[in-house]
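Below: one structure, written as structure tokens.
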Amino acid sequence: FEHPNIRERSGLWEKAQRMTLTAIDRASRAQPLPLSYMQQRLWFLSQFKGASAAYHMPAALRLKGTLDEAALRRTLDRIVERHEVLRTVFLDGEGIPVQVVKEPEKFALQAFDLSALSPVDRERDVNEHARLASQEPFDLTRGPLIRGRLLRLGDEEHVLCVTMHHIVSDGWSMSVLIRELSELYAAYTEGRDDPLQPLQLQYADYAVWQRQWLQGEVLQQRVTYWRDHLAGAPALLELPTDRARPAGQSYIGDEIEFSLGSALSEQLKHLAERQAMTLYMVLHAGFAAFLSMMSGQRDIVIGTSVANRPRVELEELIGFFVNTLALRLRLEDDPTVAALLQQAKAITLA
């Protein structure tokens, strides 16, 4: 945003190349491996509240055509072997959690044949299997923290349900898993070897690097920023039609999908361009204004997930990288649309 043309940006790139950013190296496996900060957060919650399906990552893939089950099982075994985090367990090391990488083992895949059922009963059972697959608890101390169910609906139709615990995965990781599953399965069914490039790093290497980097002055700067940003922020968003909040969080929620339409979407994109903003910033400002109108509150904090993979060597890894940022917009002075948009831009960049 500050360097909008190519000439200015080339100078910025040269400056960035001179910045000192420590490399992520392979960490020794001869000593206890720490959890990343994101993993430690989930580990604490599991200790505090016990096992919860709120942090499960389920996916269901409908497979069309003749299935080579042996190739599929070989594919899943290879993915578990390839990504250490998928065979990692989390132990209490005298009050400090550590991650322990286990030796490769077979992917935990259960097979069920639903082909004899009527179409109505078959779909009902598919939904029930998907629900059970996503709800069944994980044991972080024993693993495995990835599992699956293969449902046979007919000779040329199957459903593969895969569930991972969030402590070893995130949304980006699910895309990595599906891409590798597709490439490996295609190779194995054609009699070819593993076509994937070897991984240079594993998630545990990132966790060690993050602990070494995010400390001292670097950590303090970030802690200070967030303390200032959230000082005096409201603890809750109180909507007038909300039900009473339970004493403990239930995680019973729902979602509503809607479309803005092509005409409005184009208008929003043009607005973002005129204001030198991203579409996200525009939608964030609009959502904050809507929540303020509905709640009567003039101080709005919205949680937003970021991929948190700033380095190219992290893009091919399965693991828990995603981070949730609490972005706060202030509407006490009844800002104009232009002022609110610029506030959203400044907060997002900060």
Side-chain angles (χ1 to χ4, degrees), residues 50-83 85-87 104-140 142-192 194-196 250-259 318 320:
S52 169
Y55 294 103
H56 292 182
M57 303 274 309
L61 307 176
R62 195 172 287 268
L63 311 177
K64 299 285 190 178
T66 303
L67 179 69
D68 186 336
E69 186 174 335
L72 177 62
R73 289 182 178 273
R74 184 184 174 194
T75 293
L76 294 169
D77 291 346
R78 175 63 187 127
I79 291 174
V80 171
E81 178 186 15
R82 175 177 168 82
H83 294 275
V85 73
L86 297 180
R87 43 191 171 89
E105 53 190 30
K106 296 291 185 182
F107 183 93
L109 182 65
Q110 296 177 283
F112 300 87
D113 191 346
L114 310 181
S115 60
L117 301 176
S118 69
V120 173
D121 290 342
R122 196 160 52 232
E123 284 304 308
R124 180 204 63 208
D125 277 23
V126 167
N127 292 332
E128 181 63 11
H129 274 285
R131 186 189 69 81
L132 291 173
S134 67
Q135 297 290 320
E136 184 181 350
F138 287 102
D139 185 341
L140 299 187
R142 297 181 59 186
L145 300 183
I146 181 173
R147 59 170 181 254
R149 294 188 181 205
L150 179 62
L151 312 178
R152 182 175 183 271
L153 310 187
D155 291 340
E156 296 194 348
E157 186 174 11
H158 295 74
V159 172
L160 176 64
C161 300
V162 176
T163 307
M164 295 183 279
H165 195 284
H166 205 348
I167 203 169
V168 299
S169 181
D170 56 19
W172 184 306
S173 299
M174 194 66 77
S175 298
V176 174
L177 175 74
I178 293 172
R179 184 176 67 252
E180 292 190 353
L181 190 154
S182 177
E183 293 181 20
L184 285 167
Y185 178 78
Y188 291 157
T189 54
E190 296 169 4
R192 295 185 285 115
D194 179 353
L196 302 176
S250 66
Y251 300 103
I252 300 174
D254 207 342
E255 60 185 26
I256 297 175
E257 294 185 5
F258 61 94
S259 172
I318 292 175
F320 183 20

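This one's a predicted model, so the numbers in the text were calculated from it and none came from an experiment. Throughout, numbering of the chain's residues begins at 1 and tracks the sequence.
Remark: Arg147 CZ to Gln110 CD distance equals 9.0 Å, nearest 0.5 Å. Interatomic distance, Ile146 CD1 to Arg87 CZ, rounded to the nearest 0.5 Å: 12.5 Å. The OG1 atom of Thr75 lies 6.0 Å from the OH atom of Tyr188; values are rounded to the nearest 0.5 Å. Atoms NE2 and OG, on His166 and Ser173 in that order, are 9.0 Å from each other to the nearest 0.5 Å. In this structure, the separation between CD1 on Ile79 and CZ on Phe107 is 8.0 Å, given to the nearest 0.5 Å. Annotation: the span from Ser182 atom OG to Leu177 atom CG amounts to 11.0 Å, rounded to 0.5 Å.
A pairwise comparison of heavy atoms in Pro137 and His56 identifies CA-CE1, 4.0 Å as the closest pair. Between Arg131 and Ser134, the shortest heavy-atom distance links the atoms O-OG, 2.8 Å.
Between the side chains of His83 and Glu180, at least one donor-acceptor pair of N or O atoms lies under 3.5 Å.
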With side chain to side chain contact (heavy atoms under 4.5 Å, CB included) as the criterion, how do Val168 and Phe320 come out once you've worked through the C-alpha distance, each side chain's angles and the decisive distance to 0.1 Å? CA-CA 5 Å; Val168 299; Phe320 183 20; over 6 Å; no
Please step through side chain to side chain contact (heavy atoms under 4.5 Å, CB included) for the pair Phe112 and Val126, ending with a clear verdict. CA-CA 10 Å; Phe112 300 87; Val126 167; over 6 Å; no
Run the numbers on Arg73 and Leu150 for side chain to side chain contact (heavy atoms under 4.5 Å, CB included), then give the verdict. CA-CA 10 Å; Arg73 289 182 178 273; Leu150 179 62; 5.6 Å; no
What do the steps show when you test Arg149 against Leu160 for side chain to side chain contact (heavy atoms under 4.5 Å, CB included), and what is the final call? CA-CA 6 Å; Arg149 294 188 181 205; Leu160 176 64; over 6 Å; no
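Using a 4.5 Å cut-off on side-chain heavy atoms (C-beta onward), Asp194 and Arg78 make contact. Side-chain contact between Met57 and Thr163: absent, with no pair of heavy atoms (C-beta onward) separated by less than 4.5 Å. At least one side-chain heavy atom of Met164 sits under 4.5 Å from a side-chain heavy atom of Met174. Side-chain contact check for Leu86 versus Leu145: every heavy-atom pair is 4.5 Å or farther apart. When side chains are defined from C-beta on, Leu181 counts as touching Leu76, because their heavy atoms get closer than 4.5 Å. Taking the side chain as every heavy atom from C-beta outward, Leu153 and Ser115 never approach each other to under 4.5 Å. For the pair Ile167/Leu140, a side-chain contact is recorded, criterion being any heavy-atom separation below 4.5 Å from C-beta on.
Note on ring orientation: taking the six-membered ring where Trp is involved, the planes of Tyr251 and Tyr55 are perpendicular (angle over 60°, cut-offs 30° and 60°). Taking the six-membered ring where the residue is Trp, Phe138 and His165 present perpendicular rings, their angle passing 60° and hence far from 30°.
Each of Arg62, Arg122, Arg152 was compared with Glu157 under the side-chain contact (heavy atoms from CB on, under 4.5 Å) criterion, and only Arg62 meets it.
For Asp68, there are no side chain to side chain donor-acceptor pair (under 3.5 Å) partners, not counting sequence neighbours. In this structure Asp125 satisfies the side chain to side chain donor-acceptor pair (under 3.5 Å) test with no other residue, sequence neighbours excluded. With sequence neighbours excluded, no residue forms a side chain to side chain donor-acceptor pair (under 3.5 Å) with Arg74.
More than 12 heavy-atom neighbours from other residues, nucleotides or ligands sit within 6.0 angstrom of CZ on Arg124.
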